[in-house]
Amino acid sequence: MKHAAKSIRAFIGALNFDESRKFYKELGFVESPISKDMSYIKVTDNLGFYLQNAYVEEWIKNTMIFLEVDDVKRYWNELQELGLHHKYKNVKLTKIREESWGRECFMHDPSGVLWHFGEFAK
């Protein structure tokens, strides 16, 4: 196939759609509503995902997203400064872990989606 792909966008669900929308905006992402039950959440100009007003526990609890960042330590410090894990009941932060491929930290969103924020070894 010789298609010029432009983006790849995951669909994630939300236990409480309004709470998740607020959470991602506080994280610094930009929301573009599509309908009353779906928004496009822009991480950067080229990266984003669809947030849905849909919750299937087994699906959400098994959803993981890896976001490559340029400096995990700085990202970790910024996550702690935001304090989202204190503002939202189900948000959890897990400290930086060193791996053979690089390092990463983790955050569960309000619904239970597990985000990996990682930096590959150079």
Side-chain angles (χ1 to χ4, degrees):
M1 293 181 29
K2 296 185 180 192
H3 299 281
K6 294 183 177 186
S7 71
I8 187 166
R9 300 175 182 185
F11 287 79
I12 66 171
L15 177 61
N16 179 320
F17 187 58
D18 290 331
E19 179 182 52
S20 290
R21 290 172 56 223
K22 182 179 175 191
F23 168 81
Y24 284 112
K25 287 188 264 187
E26 287 189 55
L27 188 56
F29 299 167
V30 177
E31 179 190 21
S32 295
I34 294 171
S35 71
K36 68 179 184 70
D37 292 322
M38 185 178 292
S39 288
Y40 177 66
I41 307 295
K42 188 165 104 170
V43 178
T44 69
D45 285 342
N46 299 318
L47 304 174
F49 59 93
Y50 295 105
L51 180 66
Q52 301 177 92
N53 187 15
Y55 183 77
V56 177
E57 184 176 8
E58 190 172 312
W59 167 44
I60 301 298
K61 299 292 183 183
N62 287 290
T63 298
M64 294 186 280
I65 299 174
F66 183 93
L67 179 63
E68 182 182 358
V69 298
D70 63 345
D71 185 338
V72 168
K73 178 110 170 112
R74 186 181 76 237
Y75 208 87
W76 168 254
N77 290 336
E78 290 173 3
L79 287 172
Q80 289 196 312
E81 287 173 17
L82 284 173
L84 299 176
H85 56 299
H86 299 299
K87 293 180 184 179
Y88 295 89
K89 180 182 175 186
N90 296 322
V91 172
K92 295 182 269 183
L93 286 177
T94 304
K95 64 183 181 179
I96 296 172
R97 192 168 72 187
E98 301 286 334
E99 300 290 347
S100 60
W101 55 265
R103 53 194 188 150
E104 64 183 337
C105 63
F106 308 90
M107 180 180 65
H108 286 87
D109 83 352
S111 301
V113 172
L114 178 59
W115 282 82
H116 296 240
F117 301 109
E119 175 185 0
F120 292 106
K122 296 174 183 172

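Here the structure is a predicted model, which is why all the values come from computation and not from measurement.
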**Asked** Will you find, in the side chains of E26 and Y88, an N or O donor that is under 3.5 Å from an N or O acceptor?
**Response** yes
**Complete:** Of all heavy-atom pairs linking K42 and D45, the shortest is NZ-OD1, 3.4 Å
**Request:** First locate atom SG of C105, then atom OH of Y75, and finally report the distance between them rounded to the nearest 0.5 Å.
**Result:** 8.0 Å
**Item:** Spatial distance of atom CG (L47) from atom CD1 (I41) [nearest 0.5 Å]
**Value:** 13.5 Å
**Message:** Measuring from atom NE2 of H108 to atom CD1 of I60, what distance do you get when rounded to the nearest 0.5 angstrom?
**Reply:** 12.0 Å
**Request:** Measure the CH2-CD1 distance between W76 and I96 for me, rounded to the nearest 0.5 Å.
**Result:** 7.0 Å
**Asked** Hey, are the side chains of F17 and L51 touching, using non-hydrogen atoms and a 4.5 Å cut-off?
**Response** yes
**Message:** With rounding to the nearest 0.5 angstrom, report the CG to NZ distance, L79 to K95.
**Reply:** 15.5 Å
**Asked** Should the ring pair F29 and W115 be called parallel, tilted or perpendicular, given that the plane angle runs from 0 to 90° and is split at 30 and 60?
**Response** tilted
**Smallest separation among heavy atoms of V91 and L84, with atom names** = CB-O, 3.8 Å
**Request:** For side-chain contact (heavy atoms from CB on, under 4.5 Å), just list the numbers for R103 and K73, CA-CA rounded to whole Å, side-chain angles, deciding distance to a tenth of an Å, and then say yes or no.
**Result:** CA-CA 9 Å; R103 53 194 188 150; K73 178 110 170 112; 4.0 Å; yes
**Prompt:** Hey, what do you get for CD (Q52) to CG (D37), rounding to the nearest 0.5 Å?
**Reply:** 9.0 Å
